[in-house]
Amino acid sequence: MAYQAGGQRPAPRPVPDTCEIQAYLQDYGTLLESQSCPSLVVDHHWNVVMANSAFETLFHGVRPHPTAMPGENFLRFVLFHPDAGEVLGEHEPGWCLPMLAQLRTALETHGHDHELQAVRREIAQDPIMEAAYRQGLPHWIRAVGEAATRLDGAVRLLHHPDPRRGRTECRIVEEVPQPLRELGYRRLTMVLRDPRRPAVPVRRPRRPRDGASHLTVVPSTED
């Protein structure tokens with residue numbers, strides 16, 4: 001079964017070894033692929049269990065990265081990939097801070113999880129990211145409210161590689177059918193909206209390949 005449309009992993013992620021669940025996931029992958037909007041299924045680590053071709057197309061232009069490819073772990077992509085801001089518009093306030101909030105919530109539920117703790121340690125190694133997590137995130141939540149940390153229903157900006165889309169918005173729709181819930185999975189779909197203005201080429205500066213992913217909207221220190 002192709003659990004990730006158009007992508008390759010060093011090794012497939014384990015799936016439940018029952019015929020009924022495997023058949024459900026096979027059919028669910030077919031459903032996912034039939035959708036025209038980017039859609040993915042993730043586990044509680046944000047590992048991508050499956051994704052459709054529209055998702056692959058959206059992120060086709062990002063450079064290789066050893067730990068933060070969008071089709072492997074979406075949380076790591078948002079936080080650590082130097083090209084994330086070229087696809088995810090208003091990257092820091094629109095994507096980084098909400099995903100840091102998602103990580104915080106996941107750590108509250110799965111505090112001893114090795115994969116989540118590895119992401120947390122990587123944040124701690126970057127002084128600005130660490131300040132964003134420890135100081136900037138609580139300040140941001142106080143300013144915008146807890147509702148801004150939820151993904152379901154959020155409207156986010158994208159830079160779509162298709163010039164007919166260009167700079168556009170998507171609404172994130174989260175779905176958790178019971179079989180996925182039992183596996184600890186959830187589905188996220190980026191429902192593309194009509195572009196707000198005629199598409200124009202958007203050339204954003206690339207961050208260095210080996211540079212840290214810094215948040216600039218959150219001060220590194222707070223009085």
Side-chain angles (χ1 to χ4, degrees), residues 1-7 9 12-18 20-59 67-81 84 87-88 94-120 137 141 146-158 169-193:
M1 182 187 333
Y3 281 95
Q4 182 185 339
R9 286 202 182 98
R13 301 191 185 281
V15 296
D17 189 21
T18 70
E20 183 177 357
I21 291 298
Q22 288 186 348
Y24 178 85
L25 292 176
Q26 179 90 40
D27 293 338
Y28 201 84
T30 301
L31 171 65
L32 208 69
E33 186 60 24
S34 71
Q35 306 301 304
S36 60
C37 293
S39 191
L40 68 162
V41 174
V42 297
D43 64 15
H44 76 271
H45 302 114
W46 287 88
N47 291 322
V48 178
V49 178
M50 63 178 78
N52 64 6
S53 294
F55 180 87
E56 181 197 2
T57 297
L58 180 62
F59 296 100
T67 64
M69 292 303 290
E72 295 178 1
N73 186 289
F74 194 67
L75 172 67
R76 283 184 167 277
F77 172 74
V78 173
L79 297 182
F80 302 130
H81 199 296
V87 181
L88 306 176
W95 296 89
C96 275
L97 288 169
M99 291 298 280
L100 285 174
Q102 291 283 315
L103 173 63
R104 186 191 66 171
T105 299
L107 284 169
E108 290 172 353
T109 306
H110 309 280
H112 300 291
D113 185 279
H114 294 303
E115 288 193 47
L116 295 174
Q117 287 292 344
V119 176
R120 181 67 186 90
L137 181 61
I141 292 173
E146 285 282 350
T149 67
R150 295 193 290 269
L151 295 180
D152 188 29
V155 175
R156 298 286 184 256
L157 186 64
L158 293 174
E169 290 180 333
C170 72
R171 184 180 297 278
I172 300 174
V173 176
E174 181 176 328
E175 299 172 295
V176 192
Q178 187 62 31
L180 294 189
R181 186 188 306 276
E182 292 173 359
L183 296 171
Y185 298 165
R186 54 179 166 160
R187 174 186 175 184
L188 299 169
T189 301
M190 303 175 189
V191 181
L192 301 178
R193 310 173 88 190

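Keep in mind that this is a model prediction, so the values were computed, not measured. This chain uses plain numbering: 1 for the first residue, then up along the sequence.
- Distance check, rounded to the nearest 0.5 Å: NE2 of His81 to OG1 of Thr67 gives 9.0 Å.
- Between Ala54 and Ser36, the shortest heavy-atom distance links the atoms CB-O, 3.4 Å.
- Scanning for side-chain hydrogen bond (donor to acceptor under 3.5 Å, both in side chains) contacts around Arg156 gives an empty result, with sequence neighbours left out.
- Distance CD/Gln102 to CG/Leu75: 9.0 Å, rounded to 0.5 Å.
- Counting all heavy atoms, side chain and backbone alike, Leu97 lies closest to Leu137 at O-CD1, 3.6 Å.
- No side-chain heavy atom of Pro177 sits under 4.5 Å from any side-chain heavy atom of Tyr185.
- Considering only heavy atoms from C-beta on, Arg187 stays 4.5 Å or farther from Leu40 through its side chain.
- The side-chain heavy atoms of Val119 and Phe80, taken from C-beta on, include a pair separated by under 4.5 Å.
- In this structure the side chain of Phe59 never reaches within 4.5 angstrom of the side chain of Met69, judged on heavy atoms.
- Leu58 places a side-chain heavy atom less than 4.5 Å from the side chain of Val87.
- We find the CD1-CG distance between Ile21 and Leu25 to be 6.5 Å, quoted to the nearest 0.5 Å.
- For Glu108, the CD atom counts as densely surrounded, since its 6.0 Å shell holds more than 12 non-hydrogen atoms of other residues, nucleotides or ligands.
- Between Cys37 and Val191, the shortest heavy-atom distance links the atoms SG-CA, 3.8 Å.
- Side-chain atoms of Asn73 and Glu115 include no donor-acceptor pair closer than 3.5 Å.
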*Report the C-alpha separation of Val78 and Trp46 in whole Å, then their side-chain angles, then the decisive distance to 0.1 Å, and conclude whether the side chain to side chain contact (heavy atoms under 4.5 Å, CB included) test is met.*
CA-CA 11 Å; Val78 173; Trp46 287 88; over 6 Å; no
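- Looking at Ser39, its side chain never comes within 3.5 Å of a backbone N or O of Gln35 through a donor-acceptor pair.
- By the side-chain hydrogen bond (donor to acceptor under 3.5 Å, both in side chains) test, His44 pairs with Asp113, sequence neighbours left out.
- Taken from OH in Tyr28 to CD in Glu33, the straight-line distance is 13.5 Å, to the nearest 0.5 Å.
- Looking at Arg193 and Val155, their side chains come closer than 4.5 Å, going by heavy atoms from C-beta outward.
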*asked:* Pair Val49, Val42 - check side chain to side chain contact (heavy atoms under 4.5 Å, CB included), show working.
replied: CA-CA 5 Å; Val49 178; Val42 297; 5.8 Å; no
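- Thr189 OG1 to Phe55 CZ: the interatomic distance, rounded to the nearest 0.5 Å, is 11.0 Å.
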_Test side chain to side chain contact (heavy atoms under 4.5 Å, CB included) on Asp43 and Arg186; report intermediate values, then the result._
CA-CA 7 Å; Asp43 64 15; Arg186 54 179 166 160; over 6 Å; no
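- By the 4.5 Å heavy-atom criterion applied to side chains, Leu158 and Glu169 are not counted as neighbours.
- Shown here for Asn52 and Pro38, the closest heavy-atom pair between the two residues is OD1-CA, 3.7 Å.
- Not a single side-chain hydrogen bond (donor to acceptor under 3.5 Å, both in side chains) links Thr149 to another residue, sequence neighbours left out.
- For Glu56 (side chain) and Ala51 (main-chain N/O), no donor-acceptor pair under 3.5 Å exists by modelled atom type.
- Note that CG of Leu183 and CZ of Arg181 are 11.5 Å apart. Values are rounded to the nearest 0.5 Å.
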*For side chain to side chain contact (heavy atoms under 4.5 Å, CB included), just list the numbers for Glu175 and Asp152, CA-CA rounded to whole Å, side-chain angles, deciding distance to a tenth of an Å, and then say yes or no.*
CA-CA 8 Å; Glu175 299 172 295; Asp152 188 29; over 6 Å; no
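- The minimum heavy-atom distance linking Ala68 with Arg76 is given by the pair CB-O, 3.4 Å.
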